[in-house]
There are 2 protein chains.
Amino acid sequence: MPSKTINPEDWLAALDESGFRVTTVQEILIDIFAHSEYPLSAEQAWDMARQSRPKTGRATVYRTVEKLENLGLIRRVHGYQGCSHFVPTLPELMMLFICLTCGRTDYLDSQPLENLIQHSEDASGHHITESRLQLFGACVDCQQNA
Amino acid sequence: MPSKTINPEDWLAALDESGFRVTTVQEILIDIFAHSEYPLSAEQAWDMARQSRPKTGRATVYRTVEKLENLGLIRRVHGYQGCSHFVPTLPELMMLFICLTCGRTDYLDSQPLENLIQHSEDASGHHITESRLQLFGACVDCQQNA
DNA sequence: TTCTTATTGATACCATGTATCAATTAGATA
DNA sequence: TATCTAATTGATACATGGTATCAATAAGAA
């Protein structure tokens with residue numbers, strides 16, 4: 001339930017603009033990540049990729065995931081079934097909520113995080129250049145169905 | 001530079017109260033984690049433990065680290081040299097800052113995080129039960145020495 | 001001191017991710 | 001369209017980080 005929609009075309013364009021080739025495997029993987037409601041691991045993405053293209057290699061998937069991460073198109077989720085799952089980078093500064101019941105993700109308004117960082121910089125004197133926030137719990141739907 | 005100090009005695013007491021035995025290896029490891037200024041991995045802790053007790057086994061260290069984590073005495077740091085480093089749990093709700101230059105940790109006032117969670121719950125309708133925040137950058141000292 | 005059992009160390013093992021390298025293919029050029 | 005070149009791929013072997021097993025040890029209650 002991302003608040004903005006993701007356009008796989010843009011990801012392909014980003015690949016191209018960075019001088020990478022647009023290949024079948026990469027198209028498939030981009031489609032998989034861009035449309036998943038849940039954080040995906042490379043292994044899961046591999047399984048899904050082989051459904052539409054059985055001979056897809058494992059190493060290729062790991063390489064592509066790394067490439068997408070380096071391009072900033074997907075981002076690693078920490079603490080949800082380990083630290084090996086990825087979600088699309090929706091806003092640059094992400095306040096990601098993950099439901100521990102259904103596993104679905106929601107991108108919350110990140111203004112509060114921006115404020116928090118600003119405040120903490122002022123209060124501590126440290127210069128904050130990077131942040132990682134993950135929120136877990138029960139989403140609206142799962143609360144009702146409980 | 002934790003804002004509160006850590007008392008290894010308390011950790012040993014926590015072990016004891018949970019029905020675990022207080023052993024030499026565990027005392028050594030507790031001392032190592034409680035006094036480190038930097039996040040430590042199990043592998044690093046193993047190296048340090050063997051300096052004072054050479055025959056210490058690797059599996060034992062991994063098991064002890066897991067035990068300390070389960071007891072809530074140490075907590076995993078995400079995104080600092082992977083996700084395998086641990087720091088003492090100082091406040092229950094942690095706003096941990098890690099300097100990317102010197103690696104030292106600082107526990108910031110976590111009231112802003114409490115507010116953020118409260119605000120996000122109200123705004124999204126999700127019930128937030130768990131959070132993970134990590135801040136990175138340049139600490140006060142490293143900014144001056146730059 | 002004895003006894004029971006949690007804990008330990010050595011080892012083998014497993015899972016996740018990475019390096020290698022010949023074969024393939026995107027896409028630029030003719 | 002055919003040709004060419006290097007990025008990409010798939011298969012495999014490998015490395016790393018962590019776990020299961022099991023006999024030997026030691027904590028701490030009796």
Side-chain angles (χ1 to χ4, degrees), chain A residues 9 11-33 39-71 73-74 76-86, chain B residues 9 11-33 39-71 73-74 76-86:
Chain A
E9 302 296 318
W11 293 23
L12 292 172
L15 265 188
D16 189 47
E17 277 160 28
S18 302
F20 295 112
R21 290 181 181 170
V22 174
T23 68
T24 310
V25 189
Q26 287 177 342
E27 279 187 60
I28 289 174
L29 285 168
I30 281 177
D31 218 60
I32 287 171
F33 276 104
L40 293 178
S41 66
E43 215 69 22
Q44 290 173 321
W46 185 38
D47 287 341
M48 297 172 76
R50 276 181 299 174
Q51 284 173 19
S52 52
R53 191 164 169 283
K55 65 176 174 175
T56 305
R58 205 168 80 103
T60 303
V61 173
Y62 275 90
R63 281 184 290 234
T64 303
V65 166
E66 191 189 12
K67 190 182 289 180
L68 296 178
E69 189 187 14
N70 287 340
L71 288 172
L73 298 172
I74 61 177
R76 194 177 292 270
V77 166
H78 294 269
Y80 175 72
Q81 302 182 356
C83 301
S84 323
H85 288 60
F86 295 83
Chain B
E9 302 296 319
W11 294 22
L12 293 171
L15 265 188
D16 190 47
E17 278 159 29
S18 302
F20 294 113
R21 290 182 183 170
V22 174
T23 69
T24 311
V25 189
Q26 288 177 341
E27 278 187 61
I28 289 174
L29 285 169
I30 282 177
D31 217 61
I32 288 171
F33 277 104
L40 293 179
S41 66
E43 213 69 20
Q44 289 173 322
W46 184 37
D47 287 341
M48 296 171 75
R50 275 180 300 173
Q51 285 174 21
S52 53
R53 190 163 169 284
K55 65 173 174 175
T56 305
R58 204 167 81 103
T60 302
V61 174
Y62 275 90
R63 280 185 290 235
T64 304
V65 166
E66 191 188 12
K67 189 181 289 180
L68 295 178
E69 190 188 13
N70 288 340
L71 288 172
L73 298 172
I74 60 176
R76 195 178 289 270
V77 167
H78 294 269
Y80 175 71
Q81 302 182 356
C83 300
S84 323
H85 288 60
F86 295 83

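Labels below follow one simple rule: chain letters A, B, ... track the order of the sequence lines, proteins then strands, and each chain is numbered from 1. Because the structure is predicted, anything quoted here is derived from the model rather than measured.
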* Side-chain N or O of Tyr62(B) closer than 4.0 Å to phosphate OP1/OP2 of dG18(D) -> yes
* Are Arg53(B) and dG9(C) close enough that a side-chain N or O sits under 4.0 Å from OP1 or OP2? -> yes
* Asked: What is the minimum heavy-atom distance between Tyr80(A) and His85(A), and which atoms define it?
  -> O-ND1, 3.8 Å
* **Donor-acceptor pair under 3.5 Å, Arg63(A) side chain vs dG17(C) base** => no
* **Donor-acceptor pair under 3.5 Å, Arg58(A) side chain vs dG10(D) base** => no
* Structure fact -> Note: Ser84(A) and Arg76(A) closest approach over all heavy atoms is CA-NH1, 3.9 Å
* Looking at every strand, decide which applies to Arg50(A) at a 4.0 Å heavy-atom threshold: base, sugar-phosphate, or nothing. => nothing
* Phe20(A), nearest nucleotide to its side chain (from dT7(C), dT9(D), dT8(D)) -> dT8(D)
* To do: Write down the atom of Phe33(A), the atom of Leu68(A), and the distance for their closest heavy-atom approach.
  => CD1-CD1, 4.3 Å
* Base, sugar-phosphate, or nothing: which does Glu43(B) touch, judged by heavy atoms less than 4.0 Å apart? -> nothing
* Atom of Gly57(A), atom of Trp46(A) and distance for their closest heavy-atom approach -> C-NE1, 3.5 Å
* To do: Please round to 10 degrees the angle between the axis of the first five pairs and the axis of the last five pairs in the helix from dT1(C)-dA30(D) to dA30(C)-dT1(D).
  => 40°
* What is the distance from CD of Gln26(B) to P of dA26(D), rounded to the nearest Å? -> 15 Å
* Once you round it to whole Å, what is the distance between P of dG17(D) and CG of Asp47(B)? -> 11 Å
* Under 4.0 Å between a side-chain N or O of Thr60(A) and OP1 or OP2 of dT8(D)? -> no
* **Thr23(B) side-chain proximity, nearest of dG17(C), dT12(D), dT8(C)** => dT8(C)
* Looking only at heavy atoms, which two atoms of Ile74(B) and Val65(B) are closest? And how far apart? -> CD1-O, 3.8 Å
* To do: Between Ala42(A) and Lys55(A), name the one whose nearest nucleotide on DNA chain C is closer to the 5' end.
  => Ala42(A)
* To do: Look at all strands and tell whether Ser41(B) reaches a base, only sugar-phosphate, or nothing, counting heavy atoms closer than 4.0 Å.
  => nothing
